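What follows is a single structure, written as structure tokens, with notes after it.
Just so we're clear, the structure is a prediction, and the values are computed from it rather than from any experiment. When reading the values below, keep in mind they use all heavy atoms of this one structure, side chains included, and skip hydrogens, waters and symmetry mates.
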Amino acid sequence: MAFYRAHILVDSGTAAVLKGANAVRNTLIEEIKSRGLDKEIKVVETGALGLAGAVPAIVVYPEGVTYANVTVEDVPEIVEEHLLKGRRVQRLVYKDDTPAVVKAAGSARSAEMRVVLKNIGVIDPTSIDEYIAMSGYEALAKALTAMTPEDVIAEMKASGLNGRGGAGFPTGLKWEFTAKADGDIKYIVCNADEGEPGNFKDRLIMEGDPHQIIEGMVIAAYATGAQKGFIYIRGEYQQSVANTERAIDVAREMGLLGCDIMGSGLNFDIEVFKGAGAYICGEETALLASIEGFRGESRVKPPYPPTHGLFGKPTVINNVETLANVPHIIVNGAQWYSEIGTARSKGTKIFSPCGDVQYPGVYEVPFGSTLREVIFGMAGGIKSGKKFKAVLMGGPSGVLVGEDALDRRLCSEDLNPGAGALIVLDETKCVVDLIRNCAQFFLHESCGQCTPCREGTKRMVELFDWWAAGSGSEQDLMLADQLATTMALTSRCGLGQFAGVAFKSSISLFEDEYLAHLADKSCPAGVCDMDKVEEEVRA
Amino acid sequence: MANVNIKINGQDLCVDEGLTVLQAAQQAGIGIPTLCYHADLALDGVCRVCSVEVKGQRALCASCVYPVSEGMEVLTHSPKVRNARKVIVELMLANHPQDCLICARNQNCELQAMARELGVQDVRFTGDRKDIPTDSSSTSVVRDPDKCILCGRCVRTCQDIQSVGALHFSGRGWDTEIVAGLGGDLADAVCVSCGQCINRCPTGALKGNDPSAKIWDAIYDPAKHVIVQTAPAVRASIGEEFGMEPGSRVTRKMVTALRMLGFDKVFDTDFTADLTIMEEGSELIQRVTKGGVLPQITSCSPGWINFIEYYYPELLPHLSSCKSPQQMFGTLTKTYYAEKMGIDPKDIVSVSIMPCVAKKFECDRPEMYSSGYKDVDYVLTTREAAAMMKEAGIDLPSLEDGEYDAPFGITTGAGAIFGNTGGVMEAALRTAYELITGEALDDVNITAVRGTDGIREATIQVGALPVKAAVAHGLATAREVLEGIKSGRYKDYAFIEIMCCPGGCIGGGGQPQPTNEEIRKKRIEGIYAEDGAMELRKSHENPAIKAIYEEFLGEPLSHKSHDLLHTTYTPRSQRTVKSEKPTKVQID
Amino acid sequence: MESCNSNCCVQCDAEVVAIVDKCGRTECNLIPILHQLQRSMGYVSNEAMEKVAAELGISVAQVHGTATFYSLIYTKPHGKNVIRLCDSPPCHLQGSGAIRDAITKAIGIEPGETTSDGNFTFETVSCMGLCGVAPAIMINDDVYGNLTVDAIPSILEKYFACCCKEGC
Amino acid sequence: MEQINVTIDGIQVSVPKDSTVLDAANAAGIYIPTLCHMPGHKPLGACRVCLVEIEGGRGALQASCSFPATDGMVVRTNTRRVHNARKAVVELMLSAHRQDCNACNRTLNCELQAIAKRLGIRENRFEGEMPKRIEDTSSPAIVRDSSKCILCRRCVEVCQNVQTVGTLFAVDRGFDTVIAPTAKKELAEAVCVACGQCVSACPVGALYEKNHIDRVWDAIADPDKHVIVQTAPAVRVAIGEEFGLPAGSRVTRKMVAGLRRVGFDKVFDTDFTADLTILEEGHEFLNRLTNGGVLPMLTSCSPGWINFIEYFYPELLPNLSTCKSPQQMFGALAKTYYAEKMGVDPSKIYSVSIMPCTAKKLEAGREEMSVVDGLSDVDAVLTTREAAQMMREAGVDFVNLPDEPFDEPLGISTGAAVIFGATGGVMEAALRTVYEVVTGQTLENVNFEAVRGLEGVKEATVKVGDIEAKVAVASGLSNARKLMDLVMEGKADYHFIEIMCCPGGCLGGGGQPIPTTDEIRKARMQAIYAEDEGLPIRKSHDNPAIKALYEEFLGEPNSHKAHKLLHTHYTPKALWPTDVPLDEVKSK
């Protein structure tokens with residue numbers, strides 16, 4: 001690896017590219033070359049820096065200075081001032097209370113703690129060398145050489161790592177089930193079908209640091225005796241598919257996948273499976289059905305995938321973020337890991353605040369941080385000077401919480417963070433409108449297998465449509481509540497079981513707002529169009 | 001198998017490990033309502049009506065798929081459960097036409113029964129209802145998707161029991177539909193018309209294509225001579241439509257009822273079943289002695305014929321060229337019978353009552369005009385025949401016995417057992433034995449080919465000749481046999497009987513609903529009892545058969561027989577989108 | 001529906017065979033095969049589905065059922081350009097409704113419709129993971145975020161243009 | 001009787017001269033569908049479902065239920081014209097019938113549904129305006145829903161002629177015709193005795209009881225409530241019918257087991273307080289007899305009868321026994337004696353009764369029926385049908401339930417109590433006790449056959465010691481009216497009269513399984529007496545639990561405490577108009 005005195009990371013995330021990051025990058029390269037700096041300064045494309053609101057953005061290392069909203073016109077000044085003369089271009093420097101990248105560069109801010117995201121925006125995701133330079137594949141080497149599979153599982157169990165997909169099942173235990181299950185072949189499946197609205201953390205990991213996932217999967221394979229892995233990436237995530245496939249190819253070339261990995265005798269390979277557009281495939285058994293070539297319909301549980309999974313074989317299914325944690329646990333030890341977070345929620349959690357916040361983005365914090373720290377501390381609070389109203393925790397399948405929850409701690413003991421989405425509402429938003437939209441989401445995404453979900457999501461949307469059009473009644477609310485309860489109790493899989501949860505949490509919190517729609521036929525936020533004629537709406 | 005201790009509704013139970021909660025509850029006499037569950041089919045757990053409360057579980061569990069485990073505590077009818085079930089059924093009803101009173105399944109509908117059981121007082125959900133046109137394109141099966149509750153029983157039946165896969169789920173979520181083939185008309189899909197889907201449909205979403213209006217027209221038309229034939233399996237099941245026990249033998253009451261309906265003559269398909277044995281048996285002997293294609297496979301089940309035409313056209317030469325008894329009958333009524341009675345065949349309306357909906361397809365085949373007319377005009381299922389009786393105010397169980405009309409009412413026990421899986425084989429062996437050996441058969445009950453195992457194989461000593469025979473029923477098992485033929489597994493077999501439907505015709509797609517394993521077994525017993533009670537039990541001893549050969553046909557496999565009683569088959573393409581004209585394969 | 005002359009069918013069959021060979025002749029490759037078919041043919045036609053079923057030795061039912069389940073697989077022809085508008089909560093809250101109206105105004109069709117010239121298909125979809133730049137749309141493989149109503153005409157312009165310049 | 005010969009569908013029958021065509025068809029074993037027809041009642045010929053063709057008639061089809069048979073008449077019931085006409089008639093009914101079978105409490109027990117199935121109705125050809133729906137939930141006992149009504153007027157017939165109450169009548173004309181109380185009042189405002197005989201007669205779901213199921217489920221689900229249930233004598237011989245058992249099946253102990261599975265904390269027996277009634281009422285009678293009280297004394301256990309006398313014979317209210325009905329005595333004791341004994345706060349006790357009766361729902365709600373301030377003695381009254389429905393909802397497989405005994409102490413009873421369910425039973429039970437109390441001797445033959453049977457009015461003279469007690473028994477309010485008129489005219493010298501509101505007594509009550517016919521009443525009655533025979537103790541005063549009750553709690557019959565808890569008073573009610581004071585009514 002050549003030595004450069006400085007690296008410039010260019011955010012090449014989707015949002016940045018849309019705003020002209022490629023032009024900025026090209027100009028930067030030309031400018032550096034034209035000034036003869038190309039032997040000492042390297043321009044690196046990196047995944048999204050988590051500064052979705054301020055792109056294009058670049059970071060100059062080793063100083064770790066972030067420039068935001070950079071245009072092609074700004075480039076000569078940056079090169080001239082910063083790279084040649086060592087003076088920061090203050091007008092472009094990202095604010096002091098900025099998140100993400102600054103921390104990665106070693107800033108002292110306590111709230112964000114980058115474990116899984118430590119390489120994001122730091123390394124070139126297409127370069128395995130850079131991953132390795134950041135201690136990449138060290139964990140795999142340690143596991144293969146210094147640990148037995150049982151040791152790995154014991155370490156995982158001791159770490160207290162729980163699944164990050166929302167359900168929070170202990171990862172070590174899951175691995176142990178599969179390790180102990182009989183099967184001529186076993187599988188490791190990475191669930192990268194990130195479809196929960198408001199979640200875009202897995203995308204960031206896949207685009208910015210795909211090797212971390214691969215390493216986690218190989219370790220899982222070693223621990224459980226699996227031979228084959230799939231990374232199920234949703235079809236819409238084209239960049240994730242590309243980066244991950246490339247990473248797999250490179251890893252295979254380097255002997256980190258395939259036969260006899262690192263000379264250990266371990267045979268394991270990974271394939272990317274591209275989803276075809278179905279949120280339900282984020283449900284683990286539906287995901288398996290999809291890989292097998294079927295409709296993405298959930299399957300009967302028990303038996304559970306760790307013993308009866310893909311093609312009926314023992315299968316570990318882990319979320320992207322979960323697997324990305326694995327190398328860090330192996331390298332640093334369960335002890336180190338279990339000291340992060342709270343008593344029952346160990347480690348860090350990635351959140352993706354979005355909606356009415358100033359800086360939507362992806363932030364990693366230890367479990368136990370408060371909601372306020374994430375929303376106000378990192379995401380910059382509510383944008384445009386409006387007041388905070390509520391946050392939909394974990395997306396449409398999560399719960400709606402209000403202002404009184406802001407100082408609650410994000411951990412399983414207190415406020416369950418779900419998969420990490422934080423959809424923030426300001427005072428101008430209507431709760432009925434939001435939940436109606438959530439209901440529409442579930443109607444669109446129900447697989448249609450079981451009655452309560454297929455028919456219930458439809459009726460829920462219809463009820464909300466009527467309410468939002470001013471033709472609801474207070475009785476409707478009871479009916480909807482009973483419907484939500486029934487869906488939660490009887491649906492075949494999590495989709496239907498959680499489809500009414502946000503609604504139920506919203507009634508207790510914003511009953512007045514519902515009653516305004518139902519009894520007074522008015523929308524306090526002025527969002528719903530209440531003027532439709534009743535007969536037309538509810539024919 | 002190990003036992004586990006569980007508690008259901010406070011009752012301590014010790015049950016086999018591996019049972020589902022539903023099964024354990026059933027054993028304890030606790031009824032849990034079900035809809036998508038069917039004893040014949042793989043478990044699916046989609047309707048959620050059987051949800052129960054399992055202590056320690058956040059959500060309710062579908063008892064039909066949830067296994068018991070040690071220490072489990074279950075509540076099957078707690079308030080939580082009952083409320084949830086009611087909401088689920090209300091959701092179904094909110095998307096189901098409210099036209100019970102004009103529905104073919106009125107009062108024999110599982111959804112209707114469920115609504116009553118759960119005490120549904122109001123369907124509180126209103127709003128959109130699916131509105132999909134009824135598909136009457138198939139002559140056999142009518143689909144009314146509006147009545148479909150998407151339980152998937154038909155899909156599982158079609159895929160798993162029949163290995164046809166004509167029906168399947170399409171679309172997603174609220175837009176999920178069960179469609180045929182590529183979503184078009186059933187007539188355009190690769191459907192063998194067996195109607196097993198109808199048998200398992202809990203509602204009125206699937207039914208037979210009912211020709212009864214046309215039959216009423218014929219009956220009331222004084223110019224028409226309307227005759228009816230009744231298939232062997234009908235007599236052991238039609239009583240169920242009138243509340244009788246499955247397997248009740250009501251042959252003669254049925255004859256009375258049909259006469260009351262206004263049929264001019266009431267005949268028995270058993271007659272041509274006997275004739276089939278003469279023709280098919282002779283064909284077998286010919287193939288064995290003259291080196292024809294072996295094993296010979298039976299050809300009396302029209303769903304089976306469709307199946308082999310679609311999926312194994314290369315094996316068509318194995319099929320016997322004999323028409324089915326229904327079609328032999330049809331041909332003879334418009335030739336032999338017309339001639340004998342001096343009736344112009346154009347005035348004869350030939351109706352058959354069949355346990356089958358594929359027979360409706362069969363009678364429409366272009367090959368089935370040997371008499372110069374449509375040999376069989378209309379096919380009624382057992383259900384439709386019972387409905388006509390009810391419409392005429394006939395209460396079958398209370399009727400006096402009647403007698404079939406001559407000459408096509410004279411039959412043997414060998415004809416009757418055609419209704420059971422293994423029956424054709426047994427009947428054929430009875431005759432073949434005596435024809436080949438010239439000796440009387442000691443025990444006419446050839447139990448080796450009886451039973452309900454999917455495939456039964458036997459070697460029967462016919463004099464010095466060991467005859468290897470196999471019997472299969474249900475198309476998934478038929479597929480196994482055909483694969484076996486292709487792989488050479490059956491190369492030294494002489495004769496194979498295949499019936500399209502599980503249990504044979506007694507389990508046919510036109511039979512009373514419900515039809516399940518227990519009911520099939522009772523009907524099978526009924527049929528064997530019918531055989532046992534007959535004076536004549538071998539086809540070749542049937543005097544009317546002897547007479548027809550003497551008077552009309554000459555001898556088995558005669559030229560006339562070939563013209564009237566034998567047929568040809570058509571390979572069919574599974575590619576439905578291409579509109580290639582199928583080519584005919586002549587079999588001889 | 002398909003007004004299929006035999007020549008077209010032969011081509012279609014050959015394409016299917018090539019793709020099946022490439023992806024692997026097992027049932028579990030069904031979804032990759034459907035992806036590829038769509039890429040090369042624009043959508044998955046009925047005859048293609050039958051051929052896939054025949055090649056994989058599975059029922060047409062399974063192919064059709066699977067194809068119709070996934071929203072990224074089209075079993076009917078669609079517009080040359082597919083506009084996907086996210087209408088999940090993050091985008092909804094940031095005004096995806098106004099964006100929808102702006103697109104409808106610009107191309108004259110509602111979500112779920114295709115323009116009569118076949119240039120655009122417009123659909124609303126569930127979250128595409130672009131919540132950080134809500135409201136967002138995808139046109140074919142291109143992503144557009146932080147949309148405003150005013151930005152829509154200029155974004156759509158190049159797709160109109162593309163159609164005309166290249167003469168379709 | 002003179003016989004005539006009639007030929008129906010070719011079958012010749014000989015029937016009495018005044019037979020209808022329908023009678024003749026029945027004699028010939030030919031089924032003709034009927035709807036408005038009620039055997040034993042004057043034919044109405046309104047619904048036109050029973051149309052037949054009379055040979056040589058004027059062309060119009062005739063309603064067989066009302067068309068007289070004549071000698072030599074030739075009738076055809078099974079012609080195309082008849083079929084089409086019947087179908088069209090039923091289709092017209094359906095066009096004005098709100099079709100929501102699945103949410104209807106009569107589904108699968110609905111005559112219209114059965115006829116639609118029987119006639120093979122498959123289309124709603126007449127679609128258009130539906131009559132305006134009147135849903136009248138005002139009465140505490142009976143709900144009317146005009147959207148289901150097919151205007152057969154069977155309810156009118158029973159209300160006018162069987163009960164001589166005359167609440168329900170056809171109102172308005174043509175398409176606007178509805179069956180309604182006078183002046184289209186709500187039922188609660190009309191002169192209705194709540195007997196529910198109209199509900200029993202209704203072929204569809206247009207009349208049904210006020211639902212108490214939901215409130216009982218709520219109570220059972222409430223962990224704070226101690227929910228007890230009492231079951232009336234007549235329920236045990238009828239509830240089996242709801243589960244397909246033949247009429248008159250004795251299922252007392254299965255019923256107990258079923259109610260336990262529904263979730264009641266204690267299952268008690270109204271028979272206990274029936275015994276108590278005998279002691280109170282018997283002593284009251286003896287008291288009147290010896291102390292010159294008002295005679296004849298009238299029984300007071302039938303709440304429909306109480307309503308009737310309050311409306312129609314307020315002058316005779318002093319003749320009524322002051323005893324509460326057994327249901328209400330039970331309710332009173334449940335919240336006092338039982339609460340005390342169990343140490344339960346009476347407000348936590350939820351007292352449910354299962355009654356063959358709809359009027360009991362009204363009775364339980366009467367202001368007088370509260371012995372503990374603010375609490376109803378009986379919180380909910382379920383009809384036999386509702387109790388069965390709750391068992392269905394609870395998944396109870398009734399037929400296969402084990403036998404289980406009632407809970408103690410309020411479940412201990414005698415044969416004298418059981419017969420309360422049949423007309424004459426209260427009288428017989430009273431006589432058994434009165435005889436022994438008066439004479440001090442043991443009654444050898446406890447069966448008083450003279451007061452048994454289904455006749456409307458029965459009389460007997462019984463020697464009780466020195467007294468020649470003259471008693472009368474009537475069931476059905478038209479019969480009660482006959483006796484009351486005699487009493488009013490001073491022509492009746494009876495000492496004691498038993499009146500039951502419903503024909504046959506409680507076993508024919510308005511809350512019993514539908515249908516209830518004379519044949520079914522007889523079967524239930526036989527079962528009641530068999531139940532009596534089967535019990536070891538058959539006299540109320542021998543009931544040890546009753547003895548204990550007096551010892552522990554009440555003191556003696558007609559004690560002060562007994563009066564407070566077990567006796568009541570009655571209120572004259574105005575007939576018309578209801579807002580005019582009674583005195584004014586009388587003076588008119």
* Asked: Would you find more than 12 non-hydrogen atoms of other residues, nucleotides or ligands less than 6.0 Å from A:Gln475 atom CD?
  -> no
* Asked: chain B: which of A:Cys447, A:Gly296, A:Pro303 shares the most heavy-atom pairs with it under 4.5 Å?
  -> A:Cys447
* Find the one option among B:Leu35, B:Asn83, B:Leu43, B:Asp44 whose heavy-atom pairs under 4.5 Å with chain A are most numerous. => B:Asp44
* Enumerate by number any residue of residues 146-166 of chain B whose heavy atoms lie under 4.5 Å from heavy atoms of chain A; in the absence of such residues, state 'none'. => B:Ile149, B:Leu150
* Interchain contact, B:Phe169 with chain A, by part (heavy-atom threshold 4.5 Å) -> both
* Atom pair CG/CD of A:Leu489 and B:Gln57 - distance to nearest 0.5 Å -> 12.0 Å
* In terms of heavy-atom proximity below 4.5 Å to chain A, should B:Arg85 be classed as side chain, backbone, both, or neither? -> neither
* **chain B contact via A:Arg492 - which portion, at a heavy-atom distance below 4.5 Å** => both
* Asked: Between B:Lys86, B:Arg48, B:Lys80, which has the largest tally of heavy atom pairs under 4.5 Å with chain A?
  -> B:Arg48
* Asked: Between A:Thr485 and chain B, which part of the residue has a heavy atom less than 4.5 Å away: side chain, backbone, both or neither?
  -> neither
* Asked: Does anything in residues 449-461 of chain A get under 4.5 Å of chain B by heavy atoms, and if so which residues?
  -> A:Gln449, A:Cys450, A:Thr451, A:Pro452, A:Arg454, A:Glu455, A:Gly456, A:Lys458, A:Arg459
* Asked: Do any of residues 172-184 of chain B have a heavy atom less than 4.5 Å from a heavy atom of chain A, and if so, which, in residue order?
  -> B:Arg172, B:Gly173, B:Trp174, B:Thr176
* To do: Indicate yes or no for a side-chain donor-acceptor contact from A:Glu462 to the backbone of B:Asp128 under 3.5 Å, with no hydrogens or angles considered.
  => yes
* Asked: When you look at NE2 of A:His308, are more than 12 heavy atoms from neighbouring residues, nucleotides or ligands closer to it than 6.0 Å?
  -> no
* When only pairs under 4.5 Å are counted, which of B:Cys36, B:Ser51, B:Ala59 shares the most heavy-atom pairs with chain A? -> B:Ala59
* Using non-hydrogen atoms and a limit below 4.5 Å, what part of residues 111-126 of chain B faces chain A? -> B:Arg124, B:Phe125, B:Thr126
* Any side-chain heavy-atom pair from B:Leu91 and A:Leu483 closer than 4.5 angstrom? -> yes
